[in-house]
Amino acid sequence: MSADASPKRERTGSDSAAKRGEVLFELPIGTKGQLICTRPKDKVYLITFSTILLALDIIETRYDAGVVITTSGIEKFYSNGLDLEHASFTPGFFPDTLYALWRRLLTYPMPTIALLNGHAFAGALMLAMMHDYRMMNPHKGYVCLNEVELGVPLRPPMTSIFRQKVSAQTYRKLVLEAARYKALEAFKEGIVDWLGGLDEALAYVDELKLVQKAGKGMNGKQVYGDLKREMWRETIDYLENFGAEDGRDFMIQARRKREREVAEGKVKVWEAKAKL
Amino acid sequence: MSADASPKRERSGSDSAAKRGEVLFELPIGTKGQLICTRPKDKVYLITFSTILLALDIIETRHDAGVVITTSGIEKFYSNGLDLEHASFTPGFFPDTLYALWRRLLTYPMPTIALLNGHAFAGALMLAMMHDYRMMNPHKGYVCLNEVELGVPLRPPMTSIFRQKVSAQTYRKLVLEAARYKALEAFKEGIVDWLGGLDEALTYVDELKLVQKAGKGMSGKQVYGDLKREMWRETVDYLENFGAEDGRDFMIQARRKREREVAEGKVKMWEAKAKL
């Protein structure tokens, strides 16, 4: 089952297939979906997805080290985010599927670019944040984290990635205000890094020599993935130690319950005095 | 005993009582002080304080979810900060009184605004940082952390909240330079969020729809406090696990003593060689 809930439709092809380069491989998703991996230029792999774990494995083991760009086959959305019902009722969904995907991206041994062709809300924005860079379509789409409006808490890895990658003020606006950002504001706040589409992404790949960053360094070792694992250590620890979180959640809930009982008691005492 | 040491005087009333809204309740503080909670508009609670824990409990258990604004009854200061003598000589002061207050604010299930009507130094600024937002009088008062000048160390939760909420450069200026910020500079550095008084705060409450943020989300659950607890996890952990800090402090002191002895030894050896 896909890690996100983009509707499983065929790509509506706003970029011509030729521009996206030679097709390297295709993976079926369920009965109706499809993932296509193309190569728009040498050592740049473009995954048009709704799940990408196997694609990432194929690229790492069968192709030269380079840069991975992910984008959506659906024009309106980078991703729809989590299918909350599916996520809540599928045992092991979070650790086995979602966290596995995020952990893989966050530590992937090649530069990763999320090419936001459209909206990225909640889980979709989190997915984008797990990439090294975010490119956004300047004319289309919003990003936001609307959990406070949904009444859904954010789990530790979800909030941790923002704490690590954006400023405290932006973090607060995203989490506590569910602010909806258009591309230009998202760019100013550092939520996305660049504005444009695939062509601009490829230009940045050249400018920043990102393909070379994935290669072996002068000592013969490739360290890109190790560097990322250490940089984003806090989030990775949460992604890997989700078991500890359940215990912590339980203790927090129990403590909150006790605190509310104590607060209620104190207020009753105050009310009783006030009546005297 | 109050958690801070604002002189226990009556409010000198620079804002007219009427503007501050209907009085919901009043709490005596010691023999001379007073806390007043008013409602300047629907679901906005204004606490004029020197202690606020019980007020926060009353609001949470007896009133509709909304927004809490705290400000001082003394014209010159938001708060004087810690009464260091009292704090040092009252057993359990830090965990039972001060940390309890900070923890409560940091995880309070409604948006909180610190309305800085005047100076906020040291403990007063820390208290303000435990709120979600800070509004400062543009014409009056300074904020700073002057512990380095007092020769007093900052305990983990004190320094942690700044590390989480301001940039590294601002953090360093505050802690290591005891920089005194007037309102406009504090605003530019992100220490305070807005400039103005109560009227402006109420406008932001409307603009950002803060009252609604405290309400139930579409899932039927109210998650504002949970989101905050997760966001500011590092500081909340320090506030809750102060016991571990005492052991750590002791070990650090012991290690520093050993390191200085070793350093002294090495320098003596070098001096002896230099004389040959």
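Note on naming: letters A, B, ... go to the chains in the order of the sequence lines (proteins, then strands), and numbering restarts at 1 for each one. Basis for what follows: all heavy atoms, side chains included, without hydrogens, waters or symmetry-related copies.
Note: A/L176 leads A/L154, A/V148, A/L176 in heavy-atom pairs under 4.5 Å with chain B. For chain A, the option among B/G217, B/G190, B/P111 with the highest count of heavy-atom pairs below 4.5 Å is B/G217. The candidate with the highest count of non-hydrogen atom pairs below 4.5 Å against chain B, out of A/K266, A/R172, A/E264, A/Q169, is A/R172. If you tally non-hydrogen atom pairs under 4.5 Å between each of A/A178, A/P153, A/S167, A/S160 and chain B, the highest count goes to A/P153. Most heavy-atom pairs under 4.5 Å with chain A: of the set B/K209, B/R229, B/E240, B/R233, this distinction falls to B/R233. Per-residue heavy-atom pair counts under 4.5 Å with chain B were compared for A/A179, A/A168, A/G151, and the maximum is reached by A/G151. Interface remark: of the candidates B/V223, B/D57, B/V166, B/V223 forms the most heavy-atom pairs closer than 4.5 Å to chain A. Of the listed residues (B/T107, B/D193, B/L56), the greatest number of heavy-atom pairs within a distance under 4.5 Å of chain A belongs to B/D193.
A salt bridge does not link B/R104 with A/E259: every distance from a Lys NZ or Arg NE/NH1/NH2 to an Asp or Glu carboxylate oxygen is 4.0 Å or more. B/D237 and A/R248 are joined by a salt bridge, as a carboxylate oxygen and a charged side-chain nitrogen come within less than 4.0 angstrom of each other. Salt bridge absent: A/E147 and A/R155 never bring a charged side-chain N and a carboxylate O closer than 4.0 Å. For the pair B/K173 and B/E185, the salt-bridge criterion is not met [side-chain N within less than 4.0 Å of a carboxylate O].
When atom types are taken as modelled, the side chain of B/K228 and the backbone of B/D132 share no donor-acceptor pair closer than 3.5 angstrom. Between the side chain of A/H119 and the backbone N or O of A/Y142, at least one donor-acceptor pair lies under 3.5 Å.
In the model, A/R134 has no side-chain atom that pairs as donor or acceptor with a side-chain atom of A/Y78 under 3.5 Å. No donor-acceptor contact under 3.5 angstrom links the side chains of A/T159 and B/E230, judged on distance only.
Neither the backbone nor the side chain of B/Q222 comes within contact range of chain A; no heavy atoms are under 4.5 Å apart. There is no contact between B/E234 and chain A, counting heavy-atom distances below 4.5 Å. Residue A/E177 touches chain B through both its backbone and its side chain, counting heavy-atom pairs closer than 4.5 Å. Residue contact with chain B, scored on non-hydrogen atoms closer than 4.5 Å, involves the backbone and the side chain of A/Y171 alike. With a 4.5 angstrom heavy-atom cutoff, A/R163 touches chain B only via side-chain atoms. Only the side chain of A/E245 comes within contact range of chain B, with at least one heavy atom under 4.5 Å from a heavy atom of that chain. For chain A, the nearby part of B/L208 is the side chain; its heavy atoms alone come within less than 4.5 Å.
Within the 4.5 Å cutoff, the side chain of B/W102 has heavy atoms near those of the B/L127 side chain.
Between B/A214 and B/P109, the closest heavy-atom pair is CB-O, 4.1 Å.
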